[in-house]
Amino acid sequence: MKVRAVYALILLLAALPWFIGSRYIFHIATMITIMIPLVLGMHLMVRIGQLSLAHPAFWGLGAYASALLTMRLGMPPLLSLLVGAAVPSLVALAVGPIFLRIKGVFFVLLTFAFGEIVDLIFQEWTGLFGGNSGLYGIPKFSILGLRLTQIPHYYVLGLIAAILVYLLMRAIERSDVGAILESLNEDEMLSRSMGANALAWRVAAFVVSAFAAGISGGIYAFYIGFLSPDPFGFQTIVDLIVMVTVGGAGSVLGPVLGAIVTVPLPELLRDAREYQLMIYGVCLIGFMKFAKQGLISFIVDKRRGA
Amino acid sequence: MPHKGVARGETAVIAQMIVNGLLGGLIYVIMALGFTLIFGIMRIVNFAHGEFYMLGAVGVLVLFGNFGMNYFVAVVVAGLLTGALGVIAERVLFRSVVGEEMPGMIMSLGLSIILQSVVLLALGPEEQTVARPFSGIWRIAGAVVPWDRTVVSISAIIILVAFYIFLKFSRLGLAMQAVAQDPTTASLMGVESGTIYASAYGIACLLAGLGGALMAPIYTIGPYMGQSPMLKAFVVVVIGGLGSIPGAMLGGLLLGLTESVLATLMDSTTALIASFGVVLLVVLMRPNGLLGRTVR
Amino acid sequence: MTAPLLVVDSLTRRFGGLVAASDVSFTVAPGEIFGIIGPNGAGKTTLFNVIAGHYRPTAGRVSFEGKDISGHAADEVGRRGIARTFQAVHIFKNETVRANLHRAAVLARRHNPLTWLSRRPHATPDLEGTAAFLGLDMLLDNVAGSLAYGLQKTVGVGLAMMVGPKLMLMDEPAAGLNPSEKIAAAALIRRLRDERGISVLLVEHDMPLVMGICDRILVLNQGMPIALGTPADVKSDKSVIDAYLGEDYEFA
């Protein structure tokens, strides 16, 4: 019952921008929809017990790849969005078999170092990525001859992608694959003894979660129309951790709630970044101290269900 | 060859690399010791470690820079205040997440950004400096050694020796080592585990605070100055082995020397990429660190 | 005589300089219940872990149904049809018994993501039937972690059964059980063989249980095999009695 009420509330919020009609509200709503696939990707890794700090880098790889495929190779935007999202997936497939042998804090440091290297490459390979001065002139997204020129257009695009990725992640969670991933997280030795190839499943989850991050990156690139290495660094790691923590990792709905609550903050507090940091910090500590399972735990009683 | 000191001759270049490496490495050791102490005893990756370093530096900025207190007194007072804050943070925040890896990381990340924002509100975003209490240089084997760095290094060595004596000869220090080895022996030592957690976190913060206080006159002071030393400590501790005190010593000096060599031979970006590459390699080849014991 | 199911041939495992298992050879025939015993530190657990794929052998071979499986990872060993149970309780404690058994079937069926789409036909034992066999049918909807210790261990056996194994490795199946639970465990192991045709290789401390149900027994001492034979042979073996001398074991 409560879950349905939350779905209804989210739908209502999703429709809100059209009632208000302000460009600013549409912008915030679009940013929320863009962050949802990214945070859901991060969440899939949290579900298998790995805190990945590589996801902002995957986000950036998706963004630059989608933009460059359209700009340099003249690929149609929808195709470059999908192919662009496959780029971080392929990178995850390449590094995953090495990274995912490592667990816990070592994985955290490893993925952090990986993210820093990718961010440095964005900064230094100016010929391709434009460096710190940025990559300009990303064309508008278009699909079936429709050019997306207004913010509300991108909001619809983001909404569709967010819903699709949400449904994908929910399907994974409820399927046998979800049961396997959860089993591996709960008791790896037991799960392996029954024949499950732990590494292969972890790599698969890593690849899927990188794809979600890539989709988010691609839409971001087309929406903003300009890329610099700036958003793909440590600040986004903090944002994502706040979203997962505030929403709660216990259910796929958790990070979505986290994104809805968290993304508007920096936009609303644009002129007072120090307060934003303070609120983030208080949220992290408060939830860890009083509600480790996040907002979702107030809605769903058991760990599954939503 | 393109490196900087070629005119002074090869020996001088090498000597300079070693001196720079040791000067940098000693601070890494101080940071890494606290970081590894917290992990070894509480299983918490302390992302707020750099902020305690930053608070130590801010303490010197206020006490020495603004109030004109004697530099050394200011360093000690700043360190002690930071340590006291650490004890409070342990009691109020970290006690409830001891032994839980992910909540511990998230909690410390939260504390880290709160401390940053508090200092940002108090000092503003501009980087600040304090007057250097020492100036001038001396030379060894053709290498230039600034006096201020010398004072920092000697102080660091004194702190390290004191820390060593504490660990080896005090009852609390011995109990801490025992807990780091095997948590169940804590009660056998007759020291209450809460006391051990509080003192471990407090001492680690005291070390970080002293490190920051010592470095205050050398670098600029600002809310984000702790991020880089925290990362260095994390790297050192992973290289040396999480929870290993000798590993932190060795790892710190090793990282200092590596950075100094890389910075001499390459441009800074390449050096940064190379050093992350080294980290990747070490984690992959020896996941328990060079001197590490098996963690689970 | 039929071909042996499991062949362990001159198996040695060293840890640094320490020899934990030295030149151990034995076979397990189809339909056999085979026990490994020995005083503490005899190398039983090491041997078990090498067969289960947790350690590589330093020397020697393990083969199953005529195929070399030495040094295969634990999941590969599982996929060959060798299931295992654990000394401590290893089950999914937050899930119901039904969900536990279902997960075991899923884990055994879908080995890796690439086989996800091409689901190979795999004879998974029927869930209800397995539960009935174990006497867990009334408890299917109970949360596994809330059951009594002995029943939790039984759920562990159920997980191994859902893999559809030909051989079950059991690491101290009686550890932590009270006397009546031990009797039930012994009966269960026999029924696994008699009614399900599963061969059993077990490592155990409890002498009466081992002597009562095993067809043949291997005795290890300090990593070395010192006797191999029927319970009666082993009980009267001089070197076995010497090895256990001073230990408080009861040869029932």
Side-chain angles (χ1 to χ4, degrees), chain A residues 46 49-51 53 95 97-99 101-121 123-125 131 233-235 237-239 241-242 244-246 249 269 272-294, chain B residues 39 43-45 47-48 89 92-97 100-122 124-125 223-224 227 231 234-235 237-239 242 267 269-270 272-284 287-289 292 295-296:
Chain A
V46 171
Q50 301 274 50
L51 185 63
L53 304 191
V95 298
I98 307 168
F99 283 14
R101 285 171 205 277
I102 312 283
K103 297 210 185 100
V105 294
F106 300 100
F107 182 79
V108 173
L109 183 65
L110 201 59
T111 48
F112 177 80
F114 168 81
E116 289 296 294
I117 290 177
V118 171
D119 204 41
L120 278 172
I121 293 172
Q123 287 172 33
E124 296 300 319
W125 193 349
F234 190 71
Q235 185 51 46
I237 292 175
V238 176
D239 294 352
I241 291 177
V242 171
V244 173
T245 306
V246 168
L269 298 171
R273 194 176 142 66
E274 53 272 36
Y275 291 105
Q276 182 207 335
L277 275 177
M278 179 91 78
I279 292 170
Y280 273 13
V282 170
C283 282
L284 289 180
I285 286 181
F287 276 95
M288 275 304 112
K289 188 116 178 101
F290 301 110
K292 273 186 200 157
Q293 303 302 322
Chain B
F39 186 84
R43 301 274 127 178
I44 287 172
V45 175
F47 281 119
V92 178
L93 302 177
F94 292 100
R95 184 80 46 103
S96 56
V97 293
E100 297 176 74
E101 231 165 54
M102 215 180 282
M105 280 193 267
I106 294 173
M107 185 77 97
S108 68
L109 187 66
L111 178 62
S112 150
I113 55 187
I114 288 180
L115 292 177
Q116 281 175 13
S117 68
V118 168
V119 172
L120 188 61
L121 287 172
Y224 308 114
Q227 285 179 341
L231 277 170
F234 196 170
V235 166
V237 164
V238 167
I239 291 177
L242 267 170
D267 70 273
T269 310
T270 322
L272 199 56
I273 291 185
S275 62
F276 278 122
V278 171
V279 174
L280 285 179
L281 272 181
V282 171
V283 174
L284 292 172
N288 294 322
V295 183
R296 256 211 314 164

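Numbered from 1 within each chain, the chains take letters A, B, ... in sequence-line order.
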Contacting region of F94(B) [heavy-atom separation from chain A under 4.5 Å]: neither

Closest approach of K292(A) to S96(B) (non-hydrogen atoms, all atoms of both residues): NZ-O, 3.7 Å

L284(A) and I113(B): CA distance, side-chain angles, deciding distance, side chain to side chain contact (heavy atoms under 4.5 Å, CB included) verdict: CA-CA 10 Å; L284(A) 289 180; I113(B) 55 187; 4.2 Å; yes

Option that, when pairs with chain B are counted at under 4.5 Å, heavy atom only, ranks first among V242(A), L120(A), I241(A): L120(A)

Minimum side-chain heavy-atom gap M278(A)-I114(B) below 4.5 Å: yes

For chain A, the option from L231(B), V97(B), V118(B), V235(B) that forms the most heavy-atom pairs under 4.5 Å: L231(B)

Chain A contact via M102(B) - side chain, backbone, both or neither, heavy atoms under 4.5 Å: side chain

Interatomic spacing from CE in M288(A) to CG in L111(B) - rounded to 0.5 Å: 14.0 Å

Tabulate below the donor-acceptor pairs under 3.5 Å that side-chain atoms of residues 107-117 of chain A make, not counting sequence neighbours, or state none.
| from | atom 1 | to | atom 2 | distance (Å) |
| --- | --- | --- | --- | --- |
| T111(A) | OG1 | L53(A) | N | 3.0 |
| T111(A) | OG1 | F107(A) | O | 2.8 |
| T111(A) | OG1 | V108(A) | O | 3.0 |

I98(A) portion near chain B, given a 4.5 angstrom heavy-atom threshold: both

Stepwise side chain to side chain contact (heavy atoms under 4.5 Å, CB included) check, M105(B) with V105(A): CA-CA 9 Å; M105(B) 280 193 267; V105(A) 294; 4.3 Å; yes

Heavy-atom proximity to chain B below 4.5 Å, by part of K289(A): both

Interface moiety of I285(A) toward chain B, non-hydrogen atoms closer than 4.5 Å: both

